[in-house]
Amino acid sequence: MITHTADAMRIDSASVKNNANMSLMYVNSRCGGSNVSPDLQWRGVPSDAKSLALIMHDVDAKKSGGFYHWIVVDIPPSSRGIAAGSNFPAPARELATDFGVAGYGGPCPPVGDNAHRYNFTLYALDIEKIDLSDARSPAATAEIIRSRAIASTMISGLFATK
């Protein structure tokens, strides 16, 4: 349902450089990191966006469909980002991930795997509040988000556990 050009909306981060290795600060504590959520900034949100959603997804996970590390919905479209380790402005809410809890869960791929790609995708949505009555899993939630997107933008961080 994306109706706006992909190059209009942009996401950026001082913490996550596109297609570059992520710092241990942003890595899950189970893999020796501090599990701090990265800073994110965005611009070019379409004027008709009613809310934003953010998904951090490990597309290289061995789990079918990948692994969802962070899902945030109902972000005000007027927001322009967050600082590292901070919370999103109300009424934004973090939802359950494949870790089984809400909130940020940093990278932690199996030892010996090649570097995994962690896609941070920001979606501009045509609705103010996501209805999660049919979201029975993080993957189902992501599908609901994608179905309401009018624009999206993404950056990818990399990480491999040694």
Side-chain angles (χ1 to χ4, degrees), residues 1-28 33-61 65-99 101-107 115-132 135 138-159:
M1 180 167 131
I2 294 188
T3 58
H4 294 276
T5 57
D7 53 35
M9 193 164 78
R10 296 275 187 217
I11 188 171
D12 199 10
S13 174
S15 309
V16 179
K17 297 299 182 193
N18 200 36
N19 295 316
N21 288 323
M22 292 175 67
S23 162
L24 278 176
M25 176 177 283
Y26 310 106
V27 170
N28 196 294
S34 299
N35 203 51
V36 172
S37 60
D39 71 281
L40 298 168
Q41 302 82 43
W42 48 84
R43 64 186 185 280
V45 173
S47 60
D48 56 342
K50 295 186 176 156
S51 70
L52 303 173
L54 175 75
I55 296 176
M56 178 187 171
H57 183 228
D58 177 355
V59 296
D60 298 312
F67 194 94
Y68 290 91
H69 284 257
W70 199 16
I71 301 174
V72 186
V73 298
D74 305 339
I75 303 167
S78 60
S79 69
R80 296 294 172 246
I82 61 163
S86 68
N87 296 318
F88 279 89
R93 53 196 169 118
E94 294 177 311
L95 303 178
T97 67
D98 280 322
F99 286 113
V101 296
Y104 178 79
H116 284 211
R117 291 169 292 158
Y118 296 89
N119 295 338
F120 292 82
T121 307
L122 182 72
Y123 296 91
L125 307 179
D126 65 353
I127 55 175
E128 194 172 309
K129 186 171 175 57
I130 289 283
D131 176 11
L132 297 171
T141 299
E143 188 54 39
I144 292 167
I145 291 167
R146 288 184 196 106
S147 74
R148 302 310 306 239
I150 58 173
S152 68
T153 183
M154 179 184 79
I155 58 172
S156 295
L158 305 174
F159 186 76

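The figures that follow rest on heavy atoms only: side chains count, while hydrogens, waters and symmetry mates do not. By convention here, the first residue in the shown sequence is residue 1.
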Please name the pair of heavy atoms, one in [X] and one in [Y], separated by the smallest distance, quoted to 0.1 Å.
{"X": "N35", "Y": "Y104", "value": "ND2-O, 3.4 Å"}
{"X": "I11", "Y": "I155", "value": "O-CG2, 3.4 Å"}
{"X": "L40", "Y": "S13", "value": "CD2-CB, 4.0 Å"}
{"X": "A102", "Y": "E94", "value": "CB-O, 3.5 Å"}
{"X": "G103", "Y": "T97", "value": "O-CG2, 3.5 Å"}
{"X": "R93", "Y": "L132", "value": "NH1-CD1, 3.7 Å"}

I'd like to know if the side chain of [X] and the backbone of [Y] have a donor-acceptor N/O pair within less than 3.5 Å.
{"X": "S51", "Y": "I75", "value": "no"}
{"X": "Y26", "Y": "G33", "value": "no"}
{"X": "W70", "Y": "L95", "value": "no"}

_Would you say the rings of F67 and F99 are close, in the sense that their centroids are separated by under 6.0 Å?_
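Ring centres of F67 and F99 closer than 6.0 Å.
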*Proximity of Y118 and H69 rings by center, below 6.0 Å*: yes
If I take atom [atom1] from residue [X] and atom [atom2] from residue [Y], how far apart are they, to the nearest 0.5 angstrom?
{"X": "T141", "Y": "R146", "atom1": "OG1", "atom2": "CZ", "answer": "10.5 Å"}
{"X": "E143", "Y": "I145", "atom1": "CD", "atom2": "CD1", "answer": "10.0 Å"}
{"X": "I82", "Y": "Q41", "atom1": "CD1", "atom2": "CD", "answer": "9.0 Å"}
{"X": "D48", "Y": "I150", "atom1": "CG", "atom2": "CD1", "answer": "4.0 Å"}
{"X": "M154", "Y": "M9", "atom1": "CE", "atom2": "CE", "answer": "12.0 Å"}

Using side-chain heavy atoms (C-beta onward) and a distance below 4.5 Å, is [X] in contact with [Y]?
{"X": "M22", "Y": "P107", "result": "yes"}
{"X": "L122", "Y": "L52", "result": "yes"}
{"X": "F88", "Y": "L54", "result": "yes"}
{"X": "S15", "Y": "S23", "result": "no"}
{"X": "I144", "Y": "I130", "result": "yes"}
{"X": "V45", "Y": "R80", "result": "yes"}
{"X": "P138", "Y": "I71", "result": "yes"}

*List for me each residue that meets ring pair (Phe, Tyr, Trp, His ring centres under 6.0 Å) alongside F159, sequence neighbours excluded, and say none if there are none.*
none
*For H57, which residues count as a ring pair (Phe, Tyr, Trp, His ring centres under 6.0 Å) partner, sequence neighbours excluded?*
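Once residues adjacent in sequence are excluded, the partners of H57 under the ring pair (Phe, Tyr, Trp, His ring centres under 6.0 Å) criterion are Y68.
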*asked:* If you apply the rule side-chain contact (heavy atoms from CB on, under 4.5 Å), what do you find for I127 with K50, and how did you get there?
replied: CA-CA 5 Å; I127 55 175; K50 295 186 176 156; 5.6 Å; no
*Quick one: do D58 and R117 satisfy side-chain contact (heavy atoms from CB on, under 4.5 Å)? Show the steps, please.*
CA-CA 6 Å; D58 177 355; R117 291 169 292 158; 5.8 Å; no
_Less than 3.5 Å apart, any donor N or O on the side chain of N119 or S156 sitting next to an acceptor on the other?_
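Judged by distance alone, the side chains do pair up.
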